[in-house]
Number of protein chains: 2
Amino acid sequence: MYTIREVCEKTGLTAHTLRYYEKEKLLPSVGRSAGGFRQYSDEDMEKLAMICCLKNTGMSLQEIAQFMALAREGDSTLQARCEMLKKHRESVLERMEEMQRYLDKVTRKYDFYSKRLIEYEQQQKSLQNS
Amino acid sequence: MYTIREVCEKTGLTAHTLRYYEKEKLLPSVGRSAGGFRQYSDEDMEKLAMICCLKNTGMSLQEIAQFMALAREGDSTLQARCEMLKKHRESVLERMEEMQRYLDKVTRKYDFYSKRLIEYEQQQKSLQNS
DNA sequence: CATTGACTTAGAGTGAACTTTAAGGTTTAT
DNA sequence: ATAAACCTTAAAGTTCACTCTAAGTCAATG
């Protein structure tokens, strides 16, 4: 069992964000200590890892909440979850390819600017010497 | 010269967004017709392409506005712009690598679910036959 | 020359994902 | 036993990047 503080350290999320995720039903079933403090189980930690994974590949919190709700319903939702992951995977791949194309453009622009910068610096030097 | 409508069609941005970008100083110097309508030049279109490129690789509008402001100041800012592009390029590469790692995790999860789904379906079939 | 549709502005509203605040209760170390 | 640190909740506030609204102007067509 982990306190919210330990979970923050492990995941990089803030306590505020963890509480927010609970409220938004991403991980709604976190246990409580006698004093009412959150206690995260190893299963919770695994779920959180999945949540971070989906979030960091651009899935919206709403969709993640849907996915986690399906997971809580058990094996009868395996197919639905498979389909979600497949679609998500495809959209991530597409976005990465798009990013790569845009990045190539940034690289070309950078190379162009670098050349112009060298020219400009030589020009400045020759102006100084005259 | 292009009307805002034509620019929308070429860039995929809405007229609202183009006006918003003007207000936010991403492309603040768009000309006007006698009647006050926006007229985008070929140079404006090139700048817009750069804006989209930076935006689609995750640069904030604020940073893009800074970059475009430097560009308007001329060659004396070449070095500053080079540095911005270099930094941006590096951060995009990092993000893409991170994305790839997360995507691999999604793929592994998907494969795991697929296997479990096949098992589950066979189980259901044998329950039906009994 | 009137109507339709696209354009103008300033400013308010939206949705996502937090982030902060206020007011208080709990744990831990001394 | 008490102070400091940490936790609780509900609700309001923030930031980003739009997106929409209202009230009016302009251009093209029959």
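Numbers restart at 1 for each chain; the letters A, B, ... are given by sequence-line order, proteins then strands.
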Counting only side-chain nitrogens and oxygens, does [X] get under 4.0 Å of the OP1 or OP2 atom of [N]?
X       : N      : result
A/Tyr21 : C/dC18 : yes
B/Arg19 : C/dG11 : no
A/Arg38 : D/dT8  : yes
B/Arg5  : C/dC7  : yes
A/Arg32 : D/dT9  : yes

Roughly, in whole Å, what's the span from [atom1] in [X] to [atom2] in [N]?
X       : N      : atom1 : atom2 : value
A/Asn56 : C/dA17 : CG    : C1'   : 13 Å
A/Ile51 : C/dC18 : CD1   : P     : 11 Å
A/Leu26 : C/dA16 : CG    : P     : 13 Å
A/Lys23 : D/dA10 : NZ    : P     : 8 Å
B/Glu24 : D/dT19 : CD    : P     : 14 Å
B/Lys25 : D/dA17 : NZ    : P     : 16 Å
A/Gln39 : D/dC6  : CD    : C1'   : 15 Å
B/Ile64 : D/dA17 : CD1   : C1'   : 11 Å

Apply the test side chain to side chain contact (heavy atoms under 4.5 Å, CB included) to residues B/Gln79 and B/Glu83: give CA-CA distance (whole Å), side-chain angles for both, the deciding distance (0.1 Å), then the verdict.
-> CA-CA 6 Å; B/Gln79 192 170 4; B/Glu83 273 162 29; 3.7 Å; yes
For B/Glu22 and B/Leu27, which heavy atoms make the closest approach, and how far apart are they?
->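 Where B/Glu22 meets B/Leu27 most closely, the heavy atoms are CG-O, 3.4 Å.
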Nearest heavy-atom neighbours spanning B/Pro28 and B/Arg72 |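 That closest heavy-atom pairing would be CD-NH1, 3.2 Å.
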Of the nucleotides D/dC18, C/dC18, D/dC7, which one has an atom closest to the side chain of B/Tyr20?
->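 When the side chain of B/Tyr20 is considered, D/dC18 is the closest of D/dC18, C/dC18, D/dC7.
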Donor on one side chain, acceptor on other, A/Asp44 and A/Ser41, under 3.5 Å |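 Side-chain D/A pair, A/Asp44 to A/Ser41: present.
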Would you call B/Glu119 and B/Lys115 a salt bridge, using N to O less than 4.0 angstrom?
->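 Judged by the 4.0 Å cut-off on N to carboxylate O distance, B/Glu119 and B/Lys115 do not form a salt bridge.
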Give a yes or no answer on whether the side chain of A/Ser60 reaches the backbone of A/Glu63 with a donor-acceptor pair at less than 3.5 Å.
->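 The answer is yes, because a donor-acceptor pair under 3.5 Å joins these two groups.
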With distance as the sole test, does A/Arg95 use its side chain to make a donor-acceptor pair with the main-chain N or O of A/Thr57 at under 3.5 Å?
->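 Side chain of A/Arg95 to backbone of A/Thr57, a donor-acceptor pair under 3.5 Å: yes, one is there.
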Nearest-nucleotide 5' precedence on DNA chain C, B/His16 against B/Thr3 =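 Nearest nucleotide further toward 5': that of B/Thr3.
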When all nucleic acid strands are considered with a 4.0 Å heavy-atom cut-off, which category describes B/Thr14: base, sugar-phosphate, or nothing?
->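 Here B/Thr14 touches no strand at all.
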Once base and sugar-phosphate atoms are separated, protein heavy atoms under 4.0 Å mark nucleotides 23-30 of chain D, 5' to 3', with B, S and - as ---SS---
